[in-house]
Protein chains: 2
Amino acid sequence: MSSPETTEAPARRQTRQRTAVLALLEQQDGFRSAQDLHALLRDRGDAVGLATVYRALQALVDDGLLDVLRGDDGEASYRRCSPVHHHHLVCRSCGTTVEVADAPVERWAARVAAEHGFTDVSHQVEVFGTCAACHAAQR
Amino acid sequence: MSSPETTEAPARRQTRQRTAVLALLEQQDGFRSAQDLHALLRDRGDAVGLATVYRALQALVDDGLLDVLRGDDGEASYRRCSPVHHHHLVCRSCGTTVEVADAPVERWAARVAAEHGFTDVSHQVEVFGTCAACHAAQR
DNA sequence: GTGGGCATGAGAACCATTCTCACACATCGG
DNA sequence: CCGATGTGTGAGAATGGTTCTCATGCCCAC
Ligand SMILES: [Zn+2]
Ligand SMILES: [Zn+2]
Ligand SMILES: [Zn+2]
Ligand SMILES: [Zn+2]
């Protein structure tokens, strides 16, 4: 039964919880962990189960609406990002994130992989630092 | 007491366990997780407590002898690496890793950060793919 | 409006990593 | 060589992020 479509559409449903998670992410400028988002939703009044927050984030990642970043402690953080391929410039202090898209680094990755006979290449490039605002306020 | 040296030396002791962990890493060509290393040591006969494996790895990282990489599942993997700054080209299949050092990407990261007023910059660059051997054996 | 089935949520389960603490032993002054 | 000293070890408990379970809720196509 169901539709014999080529690629089965997951038929994503619109619920209060998923809407709340995405809405909250829309008004964040940096990466936020699932735990943080769960706490923020609770404070804001739009209580959502922790498991549901994780499921919503996973779905949004699958749909390409979010980018994921692993901290040094292994905790995952999420951010509402543009759908085009890009990397990030993240402030270690306030978390402010700037999307960076640059052809040179893409070519570099492809070239390095090709030089060593690697195929099916992907890459992970992130830059961390202290933004101007934090550097000024730093004392 | 002790030495009034500039930077206090932690006085690292030489034990069978730490020697075994480093020796095992020396003969690995790719990144290995702490759990894997623990199992390998057990199989090999040089039994070492899991907690000790973690402590030895942490010490080796602090000494700059190892590089750490976080997998998509958040699990940390370790590899005996050269002390000079470099990045990695890792085979998703067999784990084989090639160290890559290239000035252009270093300059790129510095430039991107500077353009946005970021200071105290660090970066994280890794390339993943399928190595030639795995690609050939892949079918 | 109704029914089927995905979504939800509280809590248990999972699992990598860290902590606890009693005991072992590498190191070193004597 | 020997014994004191304090770091290193290890089994198991604790931690904490993430996932799973399953009974119940409710979105949405019909
Ligand atoms: Zn992004
Ligand atoms: Zn890229
Ligand atoms: Zn390395
Ligand atoms: Zn670099």
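Residue numbers start from 1 in every chain, and the chains themselves are labelled A, B, ... in the order their sequence lines are given, proteins ahead of strands. Given the structure is predicted, the values throughout are model-derived calculations rather than measurements.
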### Task
Just say parallel, tilted or perpendicular for the rings of H123(B) and H87(B), cut-offs at 30° and 60°.
tilted
Axis-to-axis angle for the helix from dG1(C)-dC30(D) to dG30(C)-dC1(D), ends of five pairs each, to 10°, equals 40°
Residues 40-73 of chain B vs ring-ring contact (aromatic ring centres under 6.0 Å, His included), sequence neighbours excluded, gives none
[X] has an atom [atom1]; how far is it from atom [atom2] of [N], in whole Å?
{"X": "L57(B)", "N": "dG8(D)", "atom1": "CG", "atom2": "P", "value": "15 Å"}
{"X": "D36(A)", "N": "dG16(D)", "atom1": "CG", "atom2": "C1'", "value": "14 Å"}
{"X": "F31(A)", "N": "dG17(D)", "atom1": "CZ", "atom2": "P", "value": "19 Å"}
{"X": "D72(A)", "N": "dG17(D)", "atom1": "CG", "atom2": "P", "value": "15 Å"}
{"X": "D73(A)", "N": "dT15(D)", "atom1": "CG", "atom2": "P", "value": "18 Å"}

Determine whether [X] and [Y] make a side-chain contact, defined as any pair of heavy atoms from C-beta on separated by less than 4.5 Å.
{"X": "D67(A)", "Y": "H88(A)", "result": "yes"}
{"X": "C94(A)", "Y": "C131(A)", "result": "yes"}
{"X": "L69(B)", "Y": "E126(B)", "result": "yes"}

* Asked: OP1 or OP2 of dG9(C) sitting under 4.0 Å from any side-chain N/O of T52(A)?
  -> yes
Under 3.5 Å donor-acceptor, R80(B) side chain and L65(B) backbone: yes
The correct set of residues in residues 38-49 of chain A placing a heavy atom under 4.0 Å from DNA chain C is V48(A), G49(A)
Next on the checklist: Taking the basic N atoms (NZ, or NE/NH1/NH2) and the acidic carboxylate oxygens, is any pair closer than 4.0 Å for D46(A) and R16(A)?
Outcome noted: no
Quiz item: So, R70(A) versus S77(A): side-chain donor-acceptor pair below 3.5 Å or not?
Solution: no
message: Looking only at side-chain N and O atoms, does R18(B) offer a donor or acceptor that is under 3.5 Å from a partner on T52(B)?
response: no
Scoring nucleotides 16-28 of chain C by protein non-hydrogen atoms under 4.0 Å (B base, S sugar-phosphate only, - none) yields SBBBB-----BS-
For T119(A), the side-chain hydrogen bond (donor to acceptor under 3.5 Å, both in side chains) test, sequence neighbours excluded, returns none
Residue pairs meeting salt bridge (Lys or Arg N to Asp or Glu O under 4.0 Å), one or both in residues 97-114 of chain B, sequence neighbours left out, come to D102(A)-R111(B), R111(A)-D102(B), R79(B)-E99(B), R111(B)-E115(B)
